[in-house]
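Just below is one structure, and these are the notes that go with it.
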Amino acid sequence: MTLTIRDLPSPNQDDRPEGMPIDMLMLHYTGMRSAREAVDRLRDPEAKVSSHYVVDEDGLVLRLVPEARRAYHAGISYWRGHEALNGRSIGIEIVNPGHEWGYCDFPVLQMAVVCDLCLSILSRHMIPARNIVAHSDVAPDRKQDPGERFDWRGLAQNGVGLWPAGIPDLGTTGEIRDAAGLRLVRAALNEIGYRVAPEGALDPALATVLRAFQRHWRPEAVTGQADDGTTARLYGVVRLVGGR
Ligand SMILES: [Zn+2]
């Protein structure tokens, strides 16, 4: 498939910080009623938000900000010790009404185009697979996008991001509640890249971060609980990021 990209510049951009590598790829949904409404907002100087690309439901790709420049899509964010992630990331907004306006499946064609766009970005920048993240991964207490209907597994099968293969959903039984077990869960989430509040502190709450993990790697049940299905995938992802 050949990607057709249309330039539709947004004023909401500036220089990336001097010397900062582009080593993250962040995926979003637009969360608005229509593509038109979303694109208007991403180009509105008052809104001060943007992304590098928008992919609409029919697979049309718009480029709002050149990759070499900083777009404003992450907001307050954290991943693997880094904050203010706009400086080092490329952001793609994928048109979908989102949880607020009638969250629906991402059309097959749209997903295929998202995959191709990601692969072309990966061919231009050294972005480790573990740095291909959801907006909800880097801002779990504020964001849910692109959400549990997004096909992270399919993307990974095509070389975009990480997926722990061969771990079926083990269900919602066996929730870990004891302090020692929860300590291991926190450590595993930290190892992947999430910011989890230290034991005893509330923010961001462990359940909130677990929900973000589930939206990405355990979409079968987004419960915020460290149940069997969640911990199996959690340790599966930890094994994948080890040494990367
Ligand atoms: Zn977002």
Side-chain angles (χ1 to χ4, degrees), residues 8 10-14 16 22-57 60-65 67 69-80 82-107 110-111 113-115 117-118 121 127 130-152 155 160-161 192-195 204 208-217 219 222:
L8 201 63
S10 166
N12 303 326
Q13 55 171 292
D14 62 5
R16 289 186 185 271
I22 296 173
D23 65 0
M24 290 191 73
L25 177 55
M26 198 179 300
L27 306 187
H28 304 256
Y29 65 45
T30 50
M32 299 192 81
R33 276 164 290 199
S34 70
R36 177 62 194 270
E37 198 181 336
V39 171
D40 283 351
R41 179 170 152 77
L42 293 166
R43 300 179 69 228
D44 174 2
E46 299 288 308
K48 294 189 170 60
V49 294
S50 60
S51 61
H52 294 89
Y53 298 98
V54 176
V55 181
D56 83 1
E57 302 96 322
L60 174 70
V61 182
L62 301 175
R63 176 165 39 215
L64 275 50
V65 177
E67 291 174 7
R69 306 261 300 160
R70 174 166 59 186
Y72 309 153
H73 54 97
I76 296 168
S77 49
Y78 174 95
W79 192 248
R80 295 179 69 196
H82 298 295
E83 295 182 330
L85 302 172
N86 284 334
R88 61 193 319 128
S89 62
I90 290 175
I92 303 176
E93 286 280 358
I94 301 155
V95 173
N96 188 295
H99 293 83
E100 194 175 349
W101 301 105
Y103 191 36
C104 54
D105 285 339
F106 295 84
Q110 185 185 35
M111 278 308 299
V113 169
V114 167
C115 184
L117 178 59
C118 289
I121 291 167
I127 298 176
R130 62 178 300 186
N131 281 2
I132 299 173
V133 296
H135 198 187
S136 53
D137 290 324
V138 304
D141 42 359
R142 297 189 301 117
K143 294 294 175 182
Q144 306 183 315
D145 61 309
E148 61 279 4
R149 289 176 187 261
F150 189 75
D151 188 11
W152 289 103
L155 276 191
V160 178
I192 295 167
Y194 293 95
R195 166 144 56 199
T208 305
V209 181
L210 277 170
R211 235 172 263 124
F213 174 84
Q214 289 165 338
R215 288 188 206 286
H216 190 149
W217 281 294
V222 180

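Quantities reported herein were computed from a predicted structural model and do not represent experimental measurements. Numbering of ligands and ligand atoms starts at 1, following listing order.
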Considering only N, O or S atoms, which atom of [X] is nearest to the Zn ion (ligand 1)?
| X | answer |
| --- | --- |
| H28 | ND1 |
| H135 | ND1 |
| D145 | OD2 |

| query | Short question: side chain of D137, backbone of H216 - any donor-acceptor pair under 3.5 Å? | reply |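 Looks like no, no N/O pair under 3.5 Å.
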| field | E93 near the Zn ion (ligand 1): N/O/S under 2.8 Å | value |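 Here the distance criterion (N, O or S atom, under 2.8 Å) is not met by E93, so no.
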| Can you tell me if an N/O/S atom from H73 lies under 2.8 Å from the Zn ion (ligand 1)? |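 No, H73 does not qualify, because none of its backbone or side-chain N, O or S atoms lies under 2.8 Å.
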| Centroid separation H73 to H28 less than 6.0 Å |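 Yes.
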| Y29 and Y103 aromatic ring geometry - parallel, tilted or perpendicular at 30°/60° bounds |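 The arrangement is tilted - the two ring planes meet at 30° to 60°.
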| task | Specify whether W217 and F213 have parallel, tilted or perpendicular ring planes, treating 30° as the upper limit for parallel and 60° as the lower limit for perpendicular. | result |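 Rings of W217 and F213: tilted, as their planes differ by 30° to 60°.
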| Hey, what do you get for CD1 (I90) to OG (S51), rounding to the nearest 0.5 Å? |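 Reported value, rounded in 0.5 Å steps: 11.5 Å.
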